[in-house]
Structure formats: C-alpha cells, structure tokens
Amino acid sequence: MADLQAIKDAVLSGKRKDIVALVQSALDDGVEPEVIINDYMIEAMKEVGARFEAKKIFVPEMMMAARTMQTGVDIIKPLLVGKEGGAKKLGKVLIGTVFGDLHDIGKNLVMLLLESSGFEVVNIGENVTPEQFVAKAREHNVDIVGMSSLLTTGDPHVKSTIEAFKASDMKDKVKLICGGAAVTKKFSVGECGADGYATDAVDAVRVIKKIMNIAA
Ligand code: B1M
C-alpha cells in the first residue's frame with residue numbers, strides 16, 4: 001500500500017535516498033503521477049517555505065528538500081512526458097527564471113506539464129537577463145515566452161524583461177506569460193503588460209492554450 005504521507009515527509013526532511021523507493025512504490029500501486037506531485041511534493045515545499053520563514057529551518061535544509069523533490073520528479077518525468085509521444089507539437093515555448101533568481105523547481109514543473117500536454121519547450125535556465133530572454137526567443141523562433149519569478153526582488157526584472165521584448169523586433173512575434181510565487185496578475189499583466197499570468201503549472205498550460213487559440 002502506497003505511503004503518500006511518507007513522500008511528503010521525505011521531501012520535508014530532505015531524505016533524498018528514501019524518495020526514489022517511495023515514489024516508485026506509489027506509482028506501482030497505481031497512484032497518479034500528478035497526485036504525487038501536486039498533493040504531496042508541492043504541499044511539502046509549501047511547508048518547507050513556512051518553516052524557513054519561521055526560522056525553524058535554514059538554507060541548507062531548504063536545499064535538501066528541493067533536491068529531494070527534484071529526485072522524486074525525475075522518476076515521474078518519463079511517465080508524464082511519454083503521454084504525448086511523437087504527436088505533432090502544439091507550439092514552442094521558451095521558459096526561464098528571471099535575473100537574480102535561482103529557483104527552478106516550479107519552472108521545471110511548468111516545463112514538464114507543457115511537454116506532457118504536447119508543447120515543445122526550450123528551457124533557458126535560471127538567472128536569465130532580459131537581453132538573454134530576447135536573444136534566445138529570437139534564436140529558437142518561439143511562440144510563447146514564460147518568465148518564472150519566486151523572489152519579490154524579482155519584480156523589476158520581470159518588468160524589464162517585458163519592456164525588453166516590447167522594445168525589440170520580437171514584439172509582435174511572441175506572447176509573454178508570467179508565473180511564480182512572487183508574481184501577481186495585477187503586476188505582470190496589469191502593470192507590465194504581459195499577455196498572460198498563470199498560478200501554477202496546470203494553469204500555465206490552460207493560459208498558453210487560450211493565448212494560442214488551442215481548444216482545451
Ligand atoms: Co528560496 N525563497 N530562497 N530557496 N524558497 C522562497 C521563494 C521564499 C518564499 C521562502 C520564504 O521565505 N518563505 C523566499 C522568498 C521571499 C520573498 O521574496 N518574498 C525565499 C528566499 C528568501 C530565498 C533566499 C534569498 C534565501 C537566502 O539565501 N537567504 C535564496 C535566494 C536565492 C536566489 O534565487 N538568488 C533562496 C534559495 C533557495 C534554495 C536554493 C535553497 C531553494 C531553491 C532550490 C531550487 O529551486 N533548485 C529554495 C526553496 C526550495 C524555496 C521554497 C521553500 C520552495 C520553492 C519551490 O520549489 N516550491 C520557497 C518557499 C515557497 O515557495 N513556499 C522559497 C515548489 C514549486 C513547485 O512551487 O516554485 O511556487 P513554485 O512554482 C509553482 C508556481 O509558483 C507556478 O507553478 C509552479 C508549479 O505549480 N509557477 C509558474 C512557477 N513558475 C511559473 C512560471 C509560469 C507559470 C507558473 O509561467 C511562465
């Protein structure tokens with residue numbers, strides 16, 4: 001019988017060695033990959049954030065939790081990406097975390113869900129400058145650019161990235177979407193002029209499909 005609570009506890013306490021067997025056992029028992037990620041691993045990371053804020057844990061523990069979650073996601077990834085197989089791609093999305101920000105788990109989950117929904121995704125990593133975003137979007141000839149931002153200090157970088165696109169030759173070629181715990185719709189769409197905002201990975205797929213006029 002799958003011990004889903006143990007998956008949450010393993011992420012919370014950074015038990016990277018345990019996560020592989022726990023996730024595999026849950027999958028073997030028929031638990032949906034999305035349930036493991038959304039209801040247990042992401043929930044654990046929320047608790048990690050709360051403990052960090054309350055100064056009950058510090059950066060090293062946060063790092064161990066993140067590595068444990070990433071290890072768990074790596075086991076699930078082939079199952080999700082395999083779902084779409086060789087089907088024709090719905091569109092091309094470039095995704096990165098804004099300048100100054102090294103958080104990548106949420107961005108990687110968005111990428112995973114987009115790939116499993118039939119999009120081609122170019123991941124340009126973390127700490128990406130506005131100039132790099134624009135240059136990579138041009139180089140890869142993408143339809144959508146996604147910016148992830150987890151730190152409130154990232155707001156100016158979200159804004160300057162959007163401004164860089166609007167001042168470039170890519171202005172009418174790509175649509176811009178934002179997400180991540182530090183960003184709001186009011187700020188990204190209302191104040192900065194992004195084309196869309198998504199609350200989580202599932203929402204990102206929905207928003208991008210809507211922007212590209214693809215039936216849900
Ligand atoms: Co950091 N960190 N962190 N951290 N960290 C937060 C974000 C924080 C909220 C913790 C806290 O205080 N409660 C806080 C930010 C506070 C603020 O700005 N107001 C914080 C801080 C302060 C810091 C440091 C400054 C700490 C320090 O050094 N003193 C430092 C900054 C480093 C830097 O980036 N320059 C730092 C470092 C780290 C670690 C390296 C230790 C590690 C990251 C490891 C990694 O990513 N590889 C880490 C972690 C793990 C966290 C928390 C605990 C978890 C983040 C996470 O992975 N969540 C986080 C607290 C929290 O978020 N509750 C915290 C799980 C993930 C699935 O969720 O990333 O939100 P999330 O992604 C979601 C949605 O947001 C959305 O979909 C995803 C899936 O549902 N989404 C998008 C994300 N991007 C999207 C893009 C889209 C659409 C949707 O479209 C393009």
Side-chain angles (χ1 to χ4, degrees), residues 8 11-14 16 34-74 76-77 80 93-117 119 121-128 133 137 142-158 161-162 165 174-185 187-189 192 194-211:
K8 186 173 173 185
V11 174
L12 254 175
S13 47
R16 198 175 173 191
E34 292 88 346
V35 169
I36 301 175
I37 292 181
N38 294 331
D39 298 351
Y40 294 92
M41 296 210 257
I42 291 184
E43 284 306 308
M45 291 309 277
K46 284 185 189 160
E47 176 62 24
V48 168
R51 289 184 186 182
F52 176 76
E53 217 162 342
K55 297 194 169 43
K56 289 184 183 157
I57 61 165
F58 299 93
V59 171
E61 288 95 335
M62 205 156 60
M63 189 87 89
M64 287 305 296
R67 287 193 182 141
T68 305
M69 168 147 185
Q70 197 60 61
T71 303
V73 170
D74 286 346
I76 291 172
K77 189 172 175 178
L80 290 177
V93 183
L94 182 96
I95 188 163
T97 306
V98 298
F99 183 62
D101 192 339
L102 302 174
H103 295 85
D104 68 352
I105 296 177
K107 165 181 68 65
N108 293 347
L109 275 184
V110 172
M111 178 171 125
L112 189 55
L113 269 242
L114 282 168
E115 285 178 341
S116 69
S117 305
F119 289 91
V121 184
V122 181
N123 177 10
I124 55 169
E126 304 75 51
N127 194 24
V128 182
F133 264 109
V142 296
D143 306 295
I144 301 276
V145 171
M147 282 156 258
S148 179
S149 177
L150 269 284
L151 300 170
T152 40
T153 49
D155 280 2
H157 307 304
V158 170
T161 303
I162 294 172
F165 273 102
V174 294
K175 299 285 185 197
L176 309 172
I177 92 149
C178 298
V183 192
T184 61
K185 185 172 187 177
F187 174 71
S188 57
V189 178
C192 302
D195 300 288
Y197 161 83
T199 51
D200 56 33
V202 174
D203 196 35
V205 174
R206 189 190 61 76
V207 170
I208 289 176
K209 280 187 171 173
K210 193 171 173 209
I211 289 175

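As the structure lists them, so they are numbered: ligands from 1, and atoms in each ligand from 1.
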Colleague: Okay, side chain of E115, backbone of L112: is any donor-acceptor separation there less than 3.5 Å?
Modeller: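 No; judged by distance alone, with no hydrogens or angles, the pair does not exist.
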
Colleague: Flag yes if more than 12 heavy atoms outside K209 fall under 6.0 Å of its NZ atom; otherwise flag no.
Modeller: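 Yes, NZ of K209 has more than 12 neighbouring heavy atoms, counting only those of other groups under 6.0 Å.
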
Colleague: Please indicate whether K175 has more than 12 foreign heavy atoms, meaning atoms of other residues, nucleotides or ligands, lying under 6.0 Å from its NZ.
Modeller: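 Open: at most 12 neighbouring heavy atoms sit under 6.0 Å from NZ of K175.
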
Colleague: In terms of residue, atom name and distance, what is the protein heavy atom nearest to atom 79 (C) of ligand 1?
Modeller: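 Here the closest protein heavy atom is A201 N, 3.8 Å.
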
Colleague: Quick check against the 3.5 Å criterion: does T97 have a side-chain atom that pairs as donor or acceptor with the backbone of H103?
Modeller: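 Yes, the answer is positive, given that a donor and an acceptor are paired below the 3.5 Å cut-off.
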
Colleague: With a cutoff of 4.0 Å, is T199 in contact with ligand 1, counting heavy atoms of the residue only?
Modeller: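 T199: in contact with ligand 1 (<4.0 Å).
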
Colleague: Looking at G100, is its backbone amide N or carbonyl O close enough to the side chain of N127 to form a donor-acceptor pair, meaning the two atoms are under 3.5 Å apart?
Modeller: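 Such a contact is found between N127 side chain and G100 backbone.
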
Colleague: For a side chain to side chain contact (heavy atoms under 4.5 Å, CB included) with L176, tell me which candidate from V189, T161, I144, D195 qualifies.
Modeller: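 Running side chain to side chain contact (heavy atoms under 4.5 Å, CB included) over V189, T161, I144, D195 with L176 returns exactly one hit, D195.
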
Colleague: Taking the side chain as C-beta and beyond, is there a heavy-atom pair between V93 and V142 under 4.5 Å?
Modeller: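 Side chain of V93 against side chain of V142, heavy atoms only: no contact under 4.5 Å found.
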
Colleague: With heavy atoms only and a cut-off of under 4.0 Å, state how Q70 meets ligand 1: side chain, backbone, both or neither.
Modeller: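 Neither; nothing of Q70 gets under 4.0 Å from ligand 1.
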
Colleague: For atom 38 (C) of ligand 1, which candidate among R51, H103, M41, M69 provides the closest heavy atom?
Modeller: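 Among R51, H103, M41, M69, the closest heavy atom to atom 38 (C) of ligand 1 comes from H103.
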
Colleague: Considering only heavy atoms of V48, which atoms of ligand 1 have at least one such atom less than 4.0 Å away?
Modeller: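 With V48 as reference, the close atoms of ligand 1 come out as 53 (C).
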
Colleague: Does A181 have a non-hydrogen atom less than 4.0 Å from ligand 1?
Modeller: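 A heavy atom of A181 does come that close to ligand 1.
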
Colleague: Say whether E53, considering both its backbone and side-chain N or O atoms, lies within less than 3.5 Å of an N or O atom on ligand 1.
Modeller: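 So ligand 1 has an N or O lying under 3.5 Å from an N or O of E53.
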
Colleague: Give me the nearest non-hydrogen protein atom to atom 18 (O) of ligand 1 as residue plus atom name, then the distance to 0.1 Å.
Modeller: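 Sorting protein heavy atoms by distance from atom 18 (O) of ligand 1 puts T152 N, 2.9 Å first.
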
Colleague: Is atom 41 (C) of ligand 1 in close reach of the protein, with a heavy atom under 4.0 Å away?
Modeller: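 Yes; the ligand atom in question has protein heavy-atom contact below 4.0 Å.
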
Colleague: Kindly confirm or rule out an N or O of K46 lying under 3.5 angstrom from an N or O of ligand 1.
Modeller: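 K46 vs ligand 1: no N/O contact under 3.5 Å.
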
Colleague: Start with the C-alpha distance between T199 and D203, add both sets of side-chain angles, then the distance that settles side chain to side chain donor-acceptor pair (under 3.5 Å), and finish with yes or no.
Modeller: CA-CA 6 Å; T199 51; D203 196 35; 3.2 Å; yes

Colleague: Return the residue, atom name and 0.1 Å-rounded distance of the protein heavy atom closest to atom 88 (C) of ligand 1.
Modeller: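 Of the protein heavy atoms, G179 CA, 3.5 Å lies nearest.
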
Colleague: Answer yes or no: is there a side-chain heavy-atom contact under 4.5 Å between I76 and I37?
Modeller: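 With C-beta onward as the side chain, the pair touches.
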
Colleague: Where do A44 and L12 come nearest, in terms of heavy atoms and distance?
Modeller: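 Answer, listing the atom of A44 first, then L12: O-CD2, 3.9 Å.
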
Colleague: Tell me whether L102 has any N or O atom under 3.5 angstrom from an N or O of ligand 1.
Modeller: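 Such a contact does occur with ligand 1.
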
Colleague: If you measure every N/O of V59 against every N/O of ligand 1, is any gap under 3.5 Å?
Modeller: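 Looking only at distances, the answer is no, because the N/O contact criterion of under 3.5 Å is not met.
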
Colleague: Counting non-hydrogen protein atoms only, what is the nearest one to atom 22 (C) of ligand 1? Give residue, atom name and distance.
Modeller: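 Nearest protein contact, heavy atoms only, for atom 22 (C) of ligand 1 is F52 CE2, 4.0 Å.
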
Colleague: Which one holds for V110 and ligand 1: side chain close, backbone close, both close, or neither close, with close meaning a heavy atom under 4.0 Å?
Modeller: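 The answer is the side chain of V110.
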
Colleague: Is ligand 1 under 4.0 Å from a heavy atom in the side chain of L109, in the backbone, in both, or in neither?
Modeller: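 The answer is the side chain.
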
Colleague: On a heavy-atom basis, I'd like to know which of L150, I57, L151 is closest to atom 62 (O) of ligand 1.
Modeller: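 Checking each option, the heavy atom nearest atom 62 (O) of ligand 1 is found in L150.
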
Colleague: Under a 4.5 Å cut-off applied to non-hydrogen side-chain atoms, are M69 and L109 in contact?
Modeller: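 Yes, side chains in contact.
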
Colleague: Quick one: nearest non-hydrogen protein atom to atom 81 (N) of ligand 1, plus distance?
Modeller: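 Nearest protein contact, heavy atoms only, for atom 81 (N) of ligand 1 is G180 N, 3.4 Å.
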
Colleague: Going by distance only, is there an N or O of S149 that falls short of 3.5 Å from an N or O of ligand 1?
Modeller: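 So ligand 1 has no N or O lying under 3.5 Å from an N or O of S149.
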
Colleague: Answer yes if a protein heavy atom lies under 4.0 Å from atom 9 (C) of ligand 1, otherwise answer no.
Modeller: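 Within 4.0 Å: no protein heavy atom nearby.
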
Colleague: Which atoms of ligand 1 sit under 4.0 Å from any heavy atom of G100?
Modeller: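 Near G100, the atoms of ligand 1 are 33 (C), 34 (O), 35 (N).
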
Colleague: Could you tell me whether atom 59 (C) of ligand 1 has at least one protein heavy atom nearer than 4.0 Å?
Modeller: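 Within 4.0 Å of atom 59 (C) of ligand 1, no protein heavy atoms are found.
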
Colleague: Atom 49 (C) of ligand 1: which protein heavy atom is closest, and how many Å away?
Modeller: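 Going atom by atom, the protein heavy atom closest to atom 49 (C) of ligand 1 ends up being M62 CG, 3.6 Å.
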
Colleague: Has the side chain of D101 got a donor or acceptor atom that lies under 3.5 Å from a matching backbone atom of S149?
Modeller: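 Side chain of D101 to backbone of S149: no pair is present.
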
Colleague: Taking all non-hydrogen atoms of both residues, which atom of T68 and which atom of V11 are closest, and how far apart?
Modeller: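 Heavy atoms of T68 and V11 come nearest at CG2-CA, 3.9 Å.
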
Colleague: Could you check which of A54, G106, A65 puts a non-hydrogen atom nearest to atom 68 (O) of ligand 1?
Modeller: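 It is G106 whose heavy atom sits nearest to atom 68 (O) of ligand 1.
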
Colleague: Any salt bridge linking E126 with K107? Criterion: basic side-chain nitrogen under 4.0 Å from a carboxylate oxygen.
Modeller: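 Salt bridge: yes.
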
